[in-house]
Amino acid sequence: MRGLMIAKQRRGLRRVEVERAPRLGLLRPTSTGFRVTVRLHDGQTPDDYERVLDKLAHAWRVHSVRLVGWRPGKVTLAATMTDPLETVAGGHSLADGLLRVRVGRLDSGEWFVIDFRKVPHWLNVGATQSGKSNLANALIAGLAPQPVALVGFDLKGGVEFTPYQRRLSALATERAECARLLADLVGIITSRMALCRQHRVKNIWHPRLPEEARPTPIVVLVDEVAELFLMADPKAEKEEVAAVATRLLRIAQLGRAFGIYLVVCGQRVGSDLGPGVTALRAQLTGRICHMVNDDETAKMCLGDMDSRAVAAARQISADRPGTAVVLGADSRWHMERSVHVTEEEAEAAAEEHAELAPSWALLTGGPAIEVADATELERAVEEFTEPDLEDMPV
Ligand SMILES: Nc1ncnc2c1ncn2[C@@H]1O[C@H](COP(=O)(O)OP(=O)(O)OP(=O)(O)O)[C@@H](O)[C@H]1O
């Protein structure tokens, strides 16, 4: 039956023209549809296919067609028969290795994995009720059982992250507090730099750095980033905002090598918030754009990478919360829908693994990894440490 369906598809495919009839390779069935490699005619580029993917989807009578890869002279297209983002089933383990979290599904049917060692910093934008907090919940639930420290900057007065406080090593809810916490993080980077110099390595993941000296990775979640930059009274607040902007930027620039990763969330991220925001954005290479209210935020999030992604983000409808356009490790954009993780589920994960939270005092000055329950941590380290550290990005 499936063979018949594929044969019919194939006959359909042969009738499609992209300027000239495509030279199709074998159709390979996938769990959501099929993949096919197309040999490019002389003068064609992958862009010629990118432009007509919608037309191909209609011609092939499938939900969508995406360009999923290319080699010189060839492109690979993936067709999806039905919308894989209609519902995204949960119930699986969100943690997927050290600093990796399976937060959702891509429209290709694959997992959307946030892998901080591949893409260290992320920008997560969206209008109210678009699903930003749900994604943060998924990250907290996925990172909570891992040997990592979590830090919260919650400019919504603490309402977002306070429920997870027991798993957080630090939480700042006002700008002055944020400025102090950011200064601490810069201090952590400085001491980790000294550690790396001492061992003649360029980053904390280098295999030459003894395991017992390797510092705990820190994932920093910032909610409502605009509040860090907005000034009600520019005269009085200018200095504080400048300090916050400089420190955040420094962390984004240097954090990757020293195991500090950022997830910056906000409703609106525009250049009107000042040059600090634009400079910060350039460092946040992972982009997640939920439904947004204005073109500028979608452009700020996605536009400098791919203008087609902006158009796709503007089409996300309000009745599909958790849906977003994402740009990640492969520099291509994808439609994604995050796994639905309620605040209660994230809170339960934070409670369950509260003992894995290193104290802030230890992170800022104490030995590398130390938590209340050493056995628990050892188990977590074992579970999440991959043997081949050679592959780690420098
Ligand atoms: N992937 C998803 N699947 C199903 N429902 C979702 C998904 N993501 C979010 N929701 C639901 O959509 C609603 C809004 O989500 P969420 O609170 O994450 O939005 P938000 O962007 O953080 O909003 P706000 O800025 O107002 O806090 C919630 O009721 C949430 O449960």
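Along the sequence shown, residues are numbered consecutively beginning with 1. When a ligand or atom number is given, it counts from 1 through the structure's own listing order.
- Nearest non-hydrogen protein atom to atom 2 (C) of ligand 1 is Pro321 O, 3.4 Å.
- Of the possible donor and acceptor atoms, one in the side chain of Arg175 sits under 3.5 Å from a partner among the backbone N and O of Leu230.
- Annotation: Gly131 places an N or O atom under 3.5 Å from an N or O atom of ligand 1; distance criterion only.
- In this structure, Arg287 forms no cation-pi arrangement with Trp122, as its terminal cationic atom is not both closer than 6.0 Å to the ring centre and no more than 45° off the ring axis.
- Comparing Gln267, Gln129, Arg105 by heavy-atom distance to atom 13 (C) of ligand 1, the nearest is Gln129.
- Considering only non-hydrogen protein atoms, atom 22 (O) of ligand 1 sits nearest to Ser133 OG, 2.4 Å.
- Counting atoms of ligand 1 from 1 in the listed order, those under 4.0 Å from a heavy atom of Lys156 are 25 (O), 27 (O).
- A donor-acceptor contact shorter than 3.5 Å is absent between the side chain of Lys74 and the backbone of Val38.
- The cationic group of Arg100 does not satisfy the cation-pi geometry with Trp111, failing either the under 6.0 Å distance to the six-membered ring centre or the 45° limit from the ring axis.
- Nearest to atom 18 (O) of ligand 1 by heavy atom, out of Val103, Asn134, Asp223, is Asn134.
- Protein heavy atom nearest atom 26 (O) of ligand 1, with residue, atom name and distance: Thr128 OG1, 2.4 Å.
- Looking at Glu224, Arg320, Lys132, His340, it is His340 that brings a heavy atom closest to atom 5 (N) of ligand 1.
- With Arg166 as reference, Glu351 is the one residue of Glu352, Glu355, Glu351 to meet the side chain to side chain donor-acceptor pair (under 3.5 Å) rule.
- Using a 4.0 Å heavy-atom cutoff, His290 is absent from the residues neighbouring ligand 1.
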